[in-house]
Amino acid sequence: MRGGAQSHLMLGADGELYVVKFQNNPQHVRVLANELLASRLGALVGLSVPACEVVEVTEWLIEHTPELDMELGHSREVCRPGLQFGSRLVGGLMPGQLVDYLADEHLVEVRNLPEFAGMLALDKWTCNVNGRQAVYHKKRREKRYTAAFIDQGYCFHAGEWRYADAPLRGVFARNLVYHEVTGWESFEPWLSRMEAVAAEQVWAIAETVPPEWYGGDLNEMERLVEGLLERRSRVRELIDQFRVSDRVPFPKWVGSGERAEKGRSGGGERVHDMWSKRVM
């Protein structure tokens, strides 16, 4: 598959097709954790992200599949067996059913175009330092595409796991998808759901990440999640910084002089025993 992580399209034992990122991908092993965390957070608040799973790729399969390798500089490296990140392929394999680019006249007709605003909120919450990526899918007799938001690997600042915000990070390259944003109501219901998400829900998602995807350092994972919980109250502020940027992404925003309201936060409470089932 295209992309810096050099993912592979693989058929799972459940009969589904998955875009699989391997632990020894050229970007960083933590991008697997980022994918799982951000995708499941997106699903939690109702955004159109592909279903994802922790998938096991056995040593036998790799040994008997010559294509399972990656290009690293001037050499090639065999994919590492074990637990990998799998994102279910959206759409289908037939030509025209799945595309990664739409011309403007087709992009404005995307069925769930308002979700780009909701995804912007998620990208700001999780500090996605990459541009927002999407693919578009439709069934054979449908005329309009539906967007699916893919590639969350650079959330949490990729392999660095820190929150370094900037107005133009984590945004879609074309303002067209934000053209109908008129105010905070355009980010609903997703924004309010992020602000109100329970700490227990976030910790439960974090528990599903295999420890080998972050070096087994539970302190680092706890620090990441605690920061994420604290940021629930800052999402509006981060969106507002993008709104007033030179890019002028929201030309129809009502009341252009207003500033971000303080978000509703459930606080940064800790759930002290969330890691009790972990074994170092």
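This one's a predicted model, so the numbers in the text were calculated from it and none came from an experiment.
Partners of Pro189 by side-chain contact (heavy atoms from CB on, under 4.5 Å), not counting sequence neighbours, listed by chain and number: Arg193. For Asn219, the side-chain hydrogen bond (donor to acceptor under 3.5 Å, both in side chains) test picks out no residue, with sequence neighbours left out. In this structure, Asp246 has no side-chain hydrogen bond (donor to acceptor under 3.5 Å, both in side chains) partners at least two apart in sequence or on a different chain. Judged as a salt bridge (Lys or Arg N to Asp or Glu O under 4.0 Å), and not counting sequence neighbours, the contacts of Glu220 are Arg30, Arg223. Every residue meeting the side-chain contact (heavy atoms from CB on, under 4.5 Å) condition with Leu17, not counting sequence neighbours, appears here in chain and number order: Leu9, Leu11, Leu89, Leu93. With sequence neighbours left out, the salt bridge (Lys or Arg N to Asp or Glu O under 4.0 Å) criterion links Glu59 to no other residue. Residues forming a side-chain hydrogen bond (donor to acceptor under 3.5 Å, both in side chains) with Arg111 (at least two apart in sequence, or on another chain): none. Residues passing the side-chain hydrogen bond (donor to acceptor under 3.5 Å, both in side chains) test with Tyr154, sequence neighbours excluded: none.
Summarising the geometry of Val31 relative to Gly153, their closest heavy-atom pair is CG1-O, 3.5 Å, with the distance given to 0.1 Å. Nearest heavy-atom pair across Trp190 and Leu47 is CD1-CD2, 3.6 Å. Shown here for Arg169 and His157, the closest heavy-atom pair between the two residues is NH1-NE2, 3.9 Å. Of all heavy-atom pairs between Leu113 and Val108, the closest is CD2-O, 3.9 Å. Considering all non-hydrogen atoms of both residues, Ala38 and Leu122 come closest at O-CD2, 3.8 Å. For Ala5 against Pro26, the heavy-atom pair with the smallest separation is O-CD, 3.6 Å.
Annotation: side chain of Pro251 is in contact with side chain of His179 (closest heavy-atom distance under 4.5 Å). Between Leu228 and Leu41, the closest side-chain pair of non-hydrogen atoms falls below 4.5 Å. Gln6 places none of its side-chain heavy atoms less than 4.5 Å from the side chain of Met1. In this structure the side chain of Leu120 never reaches within 4.5 angstrom of the side chain of Phe172, judged on heavy atoms. In this structure, Lys138 and Thr146 have side chains that are not in contact, with every pair of non-hydrogen atoms separated by 4.5 Å or more. Between Glu180 and Phe116, the closest side-chain pair of non-hydrogen atoms is not below 4.5 Å. With contacts defined as side-chain heavy-atom distances shorter than 4.5 Å, the pair Trp184/Trp253 qualifies. With contacts defined as side-chain heavy-atom distances shorter than 4.5 Å, the pair Val54/Thr208 does not qualify.
Separation of atoms CG (Leu224) and OH (Tyr214) is listed at 10.5 Å; rounding is to 0.5 Å. In this structure, OG in Ser7 is found 5.0 Å from NZ in Lys21, a value given to the nearest 0.5 Å. Taking SG of Cys52 as the reference point, atom CG of Leu37 lies at 9.5 Å (rounded to 0.5 Å). Residue Tyr101 holds its OH atom at 8.0 Å from CG of Leu107, rounded to the nearest 0.5 Å. The SG atom of Cys127 lies 8.0 Å from the OH atom of Tyr163; values are rounded to the nearest 0.5 Å. Distance check: Leu238 CG to Asp165 CG gives 4.5 Å after rounding to the nearest 0.5 Å.
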* To do: Output, in order, the C-alpha distance, side-chain angles, deciding distance and verdict of side-chain contact (heavy atoms from CB on, under 4.5 Å) for Ser186 and Lys252.
  => CA-CA 11 Å; Ser186 299; Lys252 294 185 179 181; over 6 Å; no
* Please lay out, stage by stage, how Arg234 and Glu237 fare under the test salt bridge (Lys or Arg N to Asp or Glu O under 4.0 Å). => CA-CA 5 Å; Arg234 292 196 58 221; Glu237 171 194 342; 3.2 Å; yes
* To do: Any chance you could lay out the side-chain contact (heavy atoms from CB on, under 4.5 Å) test for Met70 and His8, step after step, and finish with the verdict?
  => CA-CA 10 Å; Met70 285 175 286; His8 291 260; 4.2 Å; yes
* To do: Evaluate the side-chain contact (heavy atoms from CB on, under 4.5 Å) criterion for residues Tyr18 and Glu16: first the C-alpha distance (whole Å), next the side-chain angles of each, then the deciding distance (0.1 Å), finally the verdict.
  => CA-CA 6 Å; Tyr18 289 91; Glu16 300 286 350; 3.6 Å; yes
* Asked: Can Arg40 and Val49 be said to form a side-chain contact (heavy atoms from CB on, under 4.5 Å), step by step?
  -> CA-CA 8 Å; Arg40 289 187 170 171; Val49 292; over 6 Å; no
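Atom CZ of Arg2 sits in a sparse spot, with 12 or fewer heavy atoms from other residues, nucleotides or ligands closer than 6.0 Å.
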Anything under 3.5 Å between a donor and an acceptor, one on a side chain of residues 128-135, the other on a protein residue two or more places apart or in another chain? List them.
unit_1	atom_1	unit_2	atom_2	d
Asn128	OD1	Asn130	N	2.9
Asn128	ND2	Asp123	OD1	3.1
Arg132	NE	Asp123	OD2	2.8
Arg132	NH1	Ile150	O	2.8
Arg132	NH1	Gln152	OE1	3.0
Arg132	NH2	Asp123	OD1	2.7
Arg132	NH2	Asp123	OD2	3.4
Arg132	NH2	Gln152	OE1	3.2
Gln133	NE2	Asp151	OD2	3.1

Sequence neighbours left out, cut at 3.5 Å: what donor-acceptor pairs do the side chains of residues 77-86 make with other protein atoms?
unit_1	atom_1	unit_2	atom_2	d
Glu77	OE2	Asn24	ND2	2.7
Gln84	OE1	Gln23	N	2.9
Gln84	NE2	Arg80	O	2.7
Gln84	NE2	Gly82	O	3.2

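With hydrogens and angles left out, the side-chain atoms of Glu185 and Thr182 include a donor and acceptor closer than 3.5 Å. Between the side chains of Asn34 and Trp213, not a single donor N or O lies within less than 3.5 Å of an accepting N or O.
In this structure, the side chain of Lys139 does not engage the main chain of Gln97 through any donor-acceptor pair within 3.5 Å. Proximity of a side-chain donor or acceptor of Thr58 to a complementary backbone N or O of Leu61 within less than 3.5 Å is detected. No donor-acceptor pair closer than 3.5 Å links the side chain of Ser39 to the backbone N or O of Leu36. Between the side chain of Gln201 and the backbone N or O of Ala198 there is at least one donor-acceptor pair closer than 3.5 Å.
Cluster annotation: Phe250 and Leu191 are assigned to the same hydrophobic cluster (Ile/Leu/Val/Met/Phe/Trp/Tyr, side-chain heavy-atom contacts under 4.5 Å, transitive). Cluster membership check: Val29 does not share its hydrophobic cluster with Ile62, using side-chain heavy-atom separations under 4.5 Å among Ile, Leu, Val, Met, Phe, Trp and Tyr.
Ion pair Arg236/Glu195 flagged as a salt bridge, since at least one NZ, NE, NH1 or NH2 atom sits closer than 4.0 Å to an Asp/Glu carboxylate oxygen.
Residues Tyr178 and Phe242 place their aromatic rings such that the two centres sit under 6.0 Å apart.
Listed by first then second residue, pairs satisfying ring pair (Phe, Tyr, Trp, His ring centres under 6.0 Å) with a partner in residues 122-147 number zero, not counting sequence neighbours. Sorted by first then second residue, the ring pair (Phe, Tyr, Trp, His ring centres under 6.0 Å) pairs that include residues 54-80, not counting sequence neighbours, are Trp60-His64.
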